[in-house]
Amino acid sequence: MMSFLDAQDIITARRTYNEGLTQQVDSRRAAWFPLVLLATLLALPALQFVGNYNYVIHLILYTACYVVMAAGWNILGGFAGYVSLGHNVFFAIGGYFAGMILARYGISTIAMAPLAGLVAGIAGYLIGLITLRVRGPSFIISSLALVMIFRILFENWHFIGGAAGVALPANELSVKWTKLPYYYAFIIMAAFALWVTYRIRHSKFGLGLRAISKDEIKAESAGIDTRFYKVLAFAISAFFVGMAGAVWGEYLTYIRPNIFLVILVSVNMVLMCIIGGKGTIAGPVVGAVLIIAFNEVFVATLGASEINVLATGLVMMLTLIFFPLGVVGTLAKHNRLPRILNWD
Amino acid sequence: MIIDIIQILALGISLGGVYALMGSGLSLVFGVMRIVNLAHPAMIMGGAYVAYWAFRLAGADPIAMLPVAVLILAATGLVLYKLVFEREAQSARYSEMTVLLTFALAMVVEGLLGAMFTNTQRITSPEYATDAYFVGDVFVPKGQLFAAVTSVAIISALALFLKYSRFGNAIRATTQNREAAQLLGVNVNHVCLVSFAIGVGLAGAAGALVSFVFSFFPSKHWEWIVILMSLVVLGGMGSVLGTVLAAFILATASVFVGFYFGATWSTLTFFVALFVVLLVRPQGIFGEKPELA
């Protein structure tokens with residue numbers, strides 16, 4: 001009886017100790033802001049009653065889609081420090097899985113999104129088992145190779161339409177309301193992704209990932225199962241990217257390798273996290289808003305996609321050289337982070 | 001059957017010669033500076049455009065234009081090193097940071113080339129590019145053969161320079177142990193500057209040769225990145241000799257795959273090889289360190 005109590009005591013002590021390890025919540029932060037933002041975004045489509053705001057809806061939807069992906073990427077790239085340039089592979093896996101089910105059985109991709117995410121997550125787990133054996137530059141290179149391999153496979157797999165892709169049926173809502181299901185799906189997924197990254201950041205798992213990013217050998221010798229942690233982080237990040245891909249395919253009404261498996265998609269994910277601030281919760285949101293706004297301006301004024309590639313590259317170089325910590329990270333370092341952006 | 005194998009070997013070795021030059025600059029830069037220069041293939045693209053315009057406007061032979069491409073690209077390399085990489089040397093996450101930086105640089109180069117020359121497929125077509133030698137039933141395309149011979153000559157010159165010249169010794173010393181080289185009085189920053197310029201210059205040389213071997217367009221360099229990386233990883237990161245050997249092995253393997261399974265799958269050889277090498281022997285053939293972080 002006595003020993004049983006002792007064991008309980010040890011477990012309780014262990015639990016309080018673990019909770020002490022997780023990062024303390026900053027009491028000064030404005031926790032209401034993300035909630036107000038979410039509520040505003042959810043109420044926004046009411047504008048459609050007074051006028052046609054389809055473009056605004058599209059932009060927010062597009063941003064939310066990238067927030068889901070960037071937040072997912074952040075789990076691996078930001079917390080664990082494994083920079084992957086090949087995460088659009090999971091975007092494609094999710095998009096094709098849900099898209100093919102929509103094309104064959106007519107089940108909406110929004111309903112299938114969690115399952116598509118799961119499929120992408122499992123793929124991520126298996127791929128992670130291989131590619132996470134190396135780190136640093138080798139990992140980045142292997143992630144690039146992954147994109148090339150999947151591009152060739154997808155373009156030559158006739159069941160999924162090869163290079164021409166598959167056209168998906170559009171929903172039957174009128175022009176004014178047709179975007180709304182996807183809008184809500186992306187907003188909810190983005191909120192979910194951010195909530196999950198928040199929970200991870202404040203868990204023992206998140207602490208382990210941060211330890212891995214600082215010094216993997218020390219993390220290993222401190223008793224962290226680094227291999228399992230990394231692969232799990234890879235799978236979770238693939239899950240979110242896959243979920244975003246599932247709905248994105250139906251929103252565009254077609255799936256094709258050169259929508260999903262282009263390098264610009266994965267670069268955008270990485271760039272958003274870097275510009276916003278790797279490893280912070282608000283980083284992907286800030287980055288996504290900045291990059292999408294920037295893209296819109298460039299496409300509107302200069303058009304050509306080559307200029308877009310050039311500009312994206314330039315922005316990335318300048319950010320890396322002058323603000324490697326990103327907007328949120330740099331502001332936090334100088335204690336200038338506005339309370340509304342402190343989501344950590 | 002035996003004729004097929006000889007044919008595959010002939011094609012593979014001449015193709016391997018081209019890849020060897022494309023990868024050697026990348027390997028040199030990684031060895032000396034620990035920079036994985038993802039912009040290297042984009043630089044090759046730059047060299048290819050130099051040769052292309054010289055051929056198109058003045059009818060200049062691409063092989064004769066090779067020194068010009070080398071000079072232009074090497075100068076670009078000097079400027080880039082001074083502007084971008086010198087200041088990054090102090091960065092804490094140097095190697096990871098430079099991968100992202102060169103990745104961004106590759107996009108900049110791709111965007112510039114695309115904006116200037118459009119994404120149309122280009123190729124220079126000197127007479128030998130479409131001709132071939134026949135030895136019995138085996139044919140060797142002249143273009144690839146000339147490119148391979150030129151590339152082997154350049155790589156041999158590079159190897160002699162690294163082995164016997166004083167500066168080459170300084171480069172090799174820096175590759176082996178940066179701190180020790182510095183202690184012995186090697187100006188490491190200068191060595192890095194020159195090797196980066198040499199590396200980018202080699203990209204220019206490779207570009208001039210590639211211009212009549214493959215058709216090219218600015219965004220094709222993504223495919224080359226992974227091909228070249230597979231060579232560098234298989235050869236052991238930083239070992240120029242390993243890269244050259246890997247180029248011959250993988251090029252022959254890809255011709256073999258292309259011959260029996262169709263051209264679509266021949267590039268897949270490189271990508272799959274990259275994965276298998278990372279899985280089985282991450283340090284490659286000649287690599288020493290088990291970890292590349």
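The chains referred to below are lettered A, B, ... by the order of the sequence lines, with proteins before strands, and numbering in each begins at 1.
Ile263(A) touches chain B through its side chain: at least one heavy atom from C-beta onward sits under 4.5 Å away, while N, CA, C and O do not. Only the side chain of Phe103(B) comes within less than 4.5 Å of a heavy atom in chain A; its backbone stays farther off. Heavy atoms closer than 4.5 Å to chain B are found in both the backbone and the side chain of Ile141(A). Heavy atoms of Val108(B) lying under 4.5 Å from chain A belong to its backbone as well as its side chain. With a 4.5 Å cut-off on non-hydrogen atoms, Ile227(B) does not touch chain A at all. With a threshold of 4.5 angstrom between heavy atoms, Ser143(A) does not approach chain B through any atom at all.
Taking the ring centroids of Tyr260(B) and Trp265(B), they lie at or beyond the 6.0 Å cut-off. A centroid separation of 6.0 Å or more is found between the aromatic rings of Phe271(B) and Phe275(B). You'll find the ring centres of Tyr125(A) and Phe234(A) outside the 6.0 Å limit. Not less than 6.0 angstrom separates the ring centroid of Phe248(B) from the ring centroid of Tyr19(B).
Contact annotation: the side chain of Met45(B) approaches that of Leu113(B) to within less than 4.5 Å [non-hydrogen atoms, C-beta and beyond]. In this structure the side chain of Leu228(B) reaches within 4.5 angstrom of the side chain of Leu231(B), judged on heavy atoms. With a 4.5 Å cut-off on side-chain heavy atoms, Thr330(A) and His334(A) count as touching. In this structure the side chain of Phe139(A) reaches within 4.5 angstrom of the side chain of Ser142(A), judged on heavy atoms. Residues Leu310(A) and Glu110(B) form no side-chain contact, since every pair of their non-hydrogen atoms from C-beta on lies 4.5 Å or further apart. You'll find the side chain of Thr102(B) reaches within 4.5 Å of the side chain of Ile35(B), heavy atoms only. No side-chain heavy atom of Val36(B) sits under 4.5 Å from any side-chain heavy atom of Thr98(B).
By the ring pair (Phe, Tyr, Trp, His ring centres under 6.0 Å) test, Phe85(B) is found to be paired with Phe196(B), residues two or more places apart in sequence or in another chain being considered.
The stretch residues 317-324 of chain A places Met317(A), Leu320(A), Ile321(A), Phe322(A), Pro324(A) near chain B, each with some heavy atom under 4.5 Å from a heavy atom of that chain. Using a 4.5 Å cut-off between non-hydrogen atoms, the part of residues 82-93 of chain A that approaches chain B consists of Val83(A), Leu85(A). The interface of residues 272-295 of chain A with chain B, defined by heavy-atom distances below 4.5 Å, comprises Ile274(A), Lys278(A).
A donor-acceptor pair is defined here as one N or O able to donate and one able to accept, closer than 3.5 Å; no such pair exists between the side chain of Ser138(A) and the backbone of Val134(A).
Using modelled atom types, one finds no donor on one side chain facing an acceptor on the other under 3.5 Å when comparing Thr269(B) with Ser254(B).
Ring pair Tyr52(B)/Phe216(B) is perpendicular by interplanar angle, where above 60° counts as perpendicular and below 30° as parallel.
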Salt bridge (Lys or Arg N to Asp or Glu O under 4.0 Å), that's the test. Do Arg227(A) and Glu220(A) meet it? Break it down for me.
CA-CA 9 Å; Arg227(A) 191 163 157 75; Glu220(A) 177 93 51; over 6 Å; no
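Heavy-atom pairs under 4.5 Å with chain B were tallied for Leu146(A), Leu271(A), Leu153(A), Val270(A); the largest tally goes to Leu146(A). Highest contact tally toward chain B, considering only Val267(A), Val147(A), Leu264(A), is held by Val267(A) [criterion: heavy-atom pairs under 4.5 Å].
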